[in-house]
Amino acid sequence: MLEYITLPNTLPPVAPYSHAVRAGDFLFITGQLSEDPETGEIVRGPIAEQTKQVMENLKLVLQHAGTGLDKVVMSRIFITDFREYQTVNEIYSAYFPANRLPSRTTVGVIGLAGLGDVEIDLIVYCGD
């Protein structure tokens with residue numbers, strides 16, 4: 001069973017993708033950038049502000065799919081400047097209970113779509 005999830009009138013896709021795809025008990029959330037949920041424009045600025053916007057965008061997708069950050073089992077973080085690693089960690093970790101941190105991969109990249117500086121995607125377990 002596959003379900004393709006898009007958010008109507010929110011986070012307009014900048015490429016051909018679904019915001020999330022449910023495959024059985026798992027939900028795969030497309031990488032989110034620091035885009036304004038209304039306009040789709042990338043919010044530029046300090047990495048802390050970008051990371052907060054990314055996390056808020058992930059919450060929007062999760063809420064639309066009927067789940068939350070407490071069900072995340074894996075995340076991947078892509079950042080364009082590894083000197084910002086600690087700042088991204090501080091913002092990211094504030095969104096999860098200390099005893100419910102998902103597994104994670106962090107990758108330094110040369111560039112991201114929309115010229116953002118941080119992108120995060122998620123895998124969520126939606127079973128019992």
Side-chain angles (χ1 to χ4, degrees):
M1 170 186 108
L2 295 177
E3 176 186 2
Y4 298 88
I5 299 168
T6 57
L7 282 69
N9 306 316
T10 305
L11 295 172
V14 296
Y17 60 80
S18 297
H19 289 101
V21 175
R22 188 181 309 274
D25 286 340
F26 288 92
L27 183 66
F28 299 86
I29 307 290
T30 297
Q32 294 296 306
L33 294 161
S34 61
E35 69 179 287
D36 180 292
E38 301 297 320
T39 67
E41 295 293 320
I42 299 297
V43 176
R44 302 286 301 164
I47 195 76
E49 289 176 19
Q50 289 188 53
T51 305
K52 286 177 190 172
Q53 188 62 59
V54 168
M55 295 304 295
E56 291 299 318
N57 291 348
L58 288 167
K59 282 176 49 178
L60 281 172
V61 176
L62 289 165
Q63 289 168 355
H64 185 78
T67 190
L69 288 166
D70 60 322
K71 300 288 188 171
V72 174
V73 295
M74 175 70 184
S75 66
R76 290 184 295 186
I77 300 174
F78 303 90
I79 56 176
T80 59
D81 185 346
F82 239 85
R83 292 173 293 188
E84 302 287 2
Y85 180 76
Q86 188 57 38
T87 301
V88 172
N89 275 337
E90 288 172 12
I91 304 301
Y92 168 88
S93 64
Y95 282 81
F96 297 96
N99 63 342
R100 298 279 309 210
L101 294 171
S103 62
R104 185 177 112 178
T105 300
T106 304
V107 180
V109 296
I110 293 174
L112 293 166
L115 302 177
D117 294 314
V118 60
E119 180 173 355
I120 302 174
D121 66 16
L122 304 174
I123 299 173
V124 182
Y125 181 67
C126 298
D128 295 333

Kindly work out whether a path of hydrophobic side-chain contacts (I/L/V/M/F/W/Y, heavy atoms less than 4.5 Å apart) joins [X] to [Y].
X      : Y      : result
Tyr95  : Val54  : yes
Leu33  : Val72  : no
Ile79  : Leu112 : no
Phe28  : Tyr125 : yes
Val109 : Phe82  : no

Validate the cation-pi geometry between Arg104 and Tyr92: distance from NZ or CZ to the six-membered ring centre under 6.0 Å, angle to the ring axis within 45°. yes

Mind running side-chain contact (heavy atoms from CB on, under 4.5 Å) on Ile5 and Ser18 for me, showing each step along the way? CA-CA 6 Å; Ile5 299 168; Ser18 297; 5.9 Å; no

Over all heavy atoms of both residues, which pair between [X] and [Y] is shortest? Give the atoms and the distance, please.
X      : Y      : answer
Gly114 : Ile42  : O-CG1, 3.3 Å
Asp36  : Val43  : N-CG2, 3.8 Å
Ser75  : Ile120 : CB-CG2, 4.4 Å
Ser103 : Met74  : OG-SD, 2.9 Å

With the side chain counted from C-beta on, respond yes when [X] and [Y] share a heavy-atom pair under 4.5 Å apart, and no when they do not.
X      : Y      : value
Leu60  : Leu62  : no
Thr10  : Pro37  : yes
Ile110 : Thr80  : no
Phe96  : Pro102 : yes

Value rounded to 0.5 Å, distance of [atom1] in [X] from [atom2] in [Y]:
X      : Y     : atom1 : atom2 : answer
Ile29  : His64 : CD1   : NE2   : 10.5 Å
Leu101 : Leu69 : CG    : CG    : 11.5 Å
Thr106 : Phe78 : OG1   : CZ    : 9.0 Å
Thr30  : Asn57 : OG1   : CG    : 12.0 Å
Ile47  : Arg44 : CD1   : CZ    : 8.5 Å
Glu119 : Leu58 : CD    : CG    : 9.5 Å

Listing request: all salt bridge (Lys or Arg N to Asp or Glu O under 4.0 Å) pairs with a residue in residues 62-86, at least two apart in sequence or in separate chains. Arg76-Asp121, Asp81-Arg83

Apply side-chain contact (heavy atoms from CB on, under 4.5 Å) to the pair Val61 and Leu11, showing each step before the final yes or no. CA-CA 9 Å; Val61 176; Leu11 295 172; 3.9 Å; yes

Flag for Glu90-Tyr85: side-chain donor and acceptor within less than 3.5 Å: no

Lys59/Glu56 under salt bridge (Lys or Arg N to Asp or Glu O under 4.0 Å): CA gap, chis, key distance, verdict: CA-CA 5 Å; Lys59 282 176 49 178; Glu56 291 299 318; 3.8 Å; yes

Are there over 12 heavy-atom neighbours, none belonging to Arg100, within less than 6.0 Å of that residue's CZ? no

Can you tell me if Leu2 has over 12 outside heavy atoms packed within less than 6.0 Å of its CG? yes

Polar side-chain atom of Gln50 near backbone of Asp117 as donor-acceptor pair, under 3.5 Å: yes

Do Gln32 and His19 pass the side-chain contact (heavy atoms from CB on, under 4.5 Å) test, and can you show the C-alpha distance, the side-chain angles, and the key distance before you say yes or no? CA-CA 9 Å; Gln32 294 296 306; His19 289 101; 4.2 Å; yes

One pair to check against side-chain contact (heavy atoms from CB on, under 4.5 Å): Leu27 and Ile123. What are the steps and the verdict? CA-CA 6 Å; Leu27 183 66; Ile123 299 173; over 6 Å; no

